[in-house]
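To start, the structure under review is shown below, and the notes come after it.
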Amino acid sequence: MSRSLFAALAEALAAQEIGQKLALTATVTADWQAGGLDWRDPTPVPLVCGIPERPQLVPPKSVPQRSPTTVDGRARLLHAIVHIEFSAINLALDHAARFRGMPRQYYTDWIGVAAEEAHHFTLLRQRLQALGHDYGDFPAHAGLWEMAERTAHDVLERMALVPRLLEARGLDATPPIQKRLEQAGDHESARILDIILRDEIGHVGLGDRWFRALCETRGLEPEQTFRQLLKQHKAPRPITPMNESARLAAGFSRAELAALLEIE
């Protein structure tokens, strides 16, 4: 008998130790690809997000600005990105674990994203270690997971406000960070961000496609609905200047990008 997909996802999500979470994410990915997990199992499974004891989590405004002009500043900057990637593993696992009754492809998509986020985390953590630090050495914030909790009741809102909003902001933020790293001579870190930016366009694109599909099912106009959700949740706006080419590749329209800039 196949094991429940949702039990396997819940186990990976709940893991607190970093190595265990990475290993369980890899196991879920391999078992799913091998057809060994049952995605139709109706058994309820409690979902708890396991996080390590470190880093210390603080409000976003309490995380100091990071300048890459020094080794310590670059380490702090990379640590912030490593933390985002760790959070993104949990987010992708939760996207798949929380919402039942979706098409099989939905679970394939987000399990694949969890595996890619784990790869990103590992690449960046190794780079951070090369600078003499490790994940957990500096404070970080939990803004991404807070939005996951606020959208736990509705897969449409989750797709809109996590991949299509918060992760899309990462598309905007990455090129300026790369430029600062290049100016500081840290070309290796900038090249890792090339890999992450490429993959994150795909992740935002998945959120966009599922959001639009869910809007179609519910008879909603997607771009108007997205703007309504931004206002409803008092959500952060896109980082300017927006990375228009990346956002267009991820599924946004030019008209929507213009409209997003006009939201008060």
Side-chain angles (χ1 to χ4, degrees), residues 5 8-34 36-37 49-52 54-55 74-75 77-97 105-131 133-138 140 144-145 148 162-164 166-171 173-175 177-178 181 186-210 243 246 249-250:
L5 167 65
L9 288 165
E11 183 182 12
L13 180 66
Q16 290 183 286
E17 198 273 320
I18 294 170
Q20 183 185 25
K21 189 179 293 287
L22 295 174
L24 288 171
T25 298
T27 298
V28 169
T29 303
D31 289 350
W32 177 251
Q33 292 173 345
L37 296 172
C49 181
I51 56 175
R54 300 171 66 240
R74 285 198 297 280
L77 177 60
L78 287 177
H79 186 275
I81 305 171
V82 171
H83 178 66
I84 289 170
E85 297 302 323
F86 185 82
S87 300
I89 301 170
N90 284 329
L91 288 168
L93 292 171
D94 193 81
H95 293 345
Q105 186 61 43
Y106 174 87
Y107 303 109
T108 297
D109 287 344
W110 294 113
I111 291 168
V113 169
E116 288 189 348
E117 302 291 16
H119 178 56
H120 297 168
F121 172 83
T122 300
L123 289 175
L124 284 166
R125 187 186 188 192
Q126 290 171 347
R127 182 63 189 145
L128 182 62
Q129 289 169 336
L131 296 177
H133 291 278
D134 199 359
Y135 180 51
D137 284 358
F138 305 108
L144 276 171
W145 190 254
V162 177
R164 205 171 189 269
L166 295 185
E167 293 189 62
R169 283 167 55 86
L171 304 183
T174 298
I177 292 172
Q178 288 180 290
L181 289 169
D186 190 348
H187 306 293
E188 186 171 349
S189 295
R191 297 292 71 77
I192 293 173
L193 293 185
D194 282 338
I195 297 169
I196 293 174
L197 179 59
R198 177 200 67 201
D199 291 345
E200 293 297 341
I201 291 172
H203 301 173
V204 176
L206 289 176
D208 177 79
R209 289 197 289 278
W210 283 111
N243 187 345

Within-4.5 Å side-chain heavy-atom neighbours: Gln16 and Pro52
no

Return the minimal non-hydrogen interatomic distance between Ala250 and Leu171, and the atom names on each side.
CB-CD1, 4.5 Å

Can you list the residues that meet the ring-ring contact (aromatic ring centres under 6.0 Å, His included) rule with His119, with sequence neighbours excluded?
none

Starting from the C-alpha separation in whole Å, work towards a yes-or-no answer on side-chain contact (heavy atoms from CB on, under 4.5 Å) for Leu9 and Ile111.
CA-CA 9 Å; Leu9 288 165; Ile111 291 168; 4.2 Å; yes

Distance check, rounded to the nearest 0.5 Å: Ile192 atom CD1 versus Arg127 atom CZ?
6.5 Å

Can you find a pair of side-chain heavy atoms, one from Arg191 and one from Glu188, that are under 4.5 Å apart?
no

Restricting to non-hydrogen atoms, name the atom on Leu22 and the atom on Ala118 that form the minimum distance, rounded to 0.1 Å.
CD2-CB, 3.8 Å

Rounded distance [0.5 Å steps], CG in Asp186 versus CD in Gln178:
11.0 Å

So do the side chains of Trp145 and Ile51 get within less than 4.5 Å of each other, counting heavy atoms only?
no

Just jot down the ring-ring contact (aromatic ring centres under 6.0 Å, His included) partners of His95, sequence neighbours excluded, or say none.
Trp110

Side chain Glu117, main chain Ala88, donor-acceptor under 3.5 Å
no

Would you mind reporting whether Val204 and Pro163 have side-chain heavy atoms less than 4.5 Å apart?
no

So the salt bridge (charged side-chain N to carboxylate O under 4.0 Å, His left out) pairs with at least one residue in residues 81-97 (sequence neighbours excluded) are Asp94-Arg98, Asp94-Arg158

With sequence neighbours excluded, tell me which residues meet side chain to side chain contact (heavy atoms under 4.5 Å, CB included) with Gln105.
Thr108, Asp109, Trp210

Answer yes or no: is there a donor N or O on one side and an acceptor on the other, between the side chain of Lys21 and the main chain of Gly50, under 3.5 Å?
yes

Work out which heavy atom in Leu37 is nearest to a heavy atom in Val28; give both atom names and the distance.
CD1-O, 3.7 Å

Hits for salt bridge (Lys or Arg N to Asp or Glu O under 4.0 Å) against Glu116, two or more places apart or cross-chain, chain-then-number order -> none

If you define the side chain from C-beta out and look only at heavy atoms, does anything of Leu128 sit under 4.5 Å from Asp137?
no

Answer yes or no: is there a donor N or O on one side and an acceptor on the other, between the side chain of Glu17 and the main chain of Gln20, under 3.5 Å?
yes

Can you find a pair of side-chain heavy atoms, one from Leu144 and one from Asn90, that are under 4.5 Å apart?
no

How about Leu181 and Ile177: do any of their side-chain heavy atoms sit closer than 4.5 Å?
yes

Do you know the tightest heavy-atom contact between Leu131 and Leu78?
CD1-CD1, 3.5 Å

Rounded to the nearest 0.5 angstrom, the CZ-CG distance for Phe86 and Leu124 is 13.5 Å

I need the Ser189 OG to Asp194 CG distance, nearest 0.5 Å.
11.5 Å

Can you name the salt bridge (Lys or Arg N to Asp or Glu O under 4.0 Å) partners of Arg164, sequence neighbours left out?
Asp208, Glu256

Under the criterion side-chain contact (heavy atoms from CB on, under 4.5 Å), which of Ile81, Asn243, Leu197 is the partner of Thr174?
Leu197

Out of His79, His83, Arg54, which residue meets the side-chain hydrogen bond (donor to acceptor under 3.5 Å, both in side chains) rule with Tyr135?
His83

State whether the side chain of Asp199 and the backbone N or O of Ile196 hold a donor-acceptor pair below 3.5 Å, judged by distance alone.
no

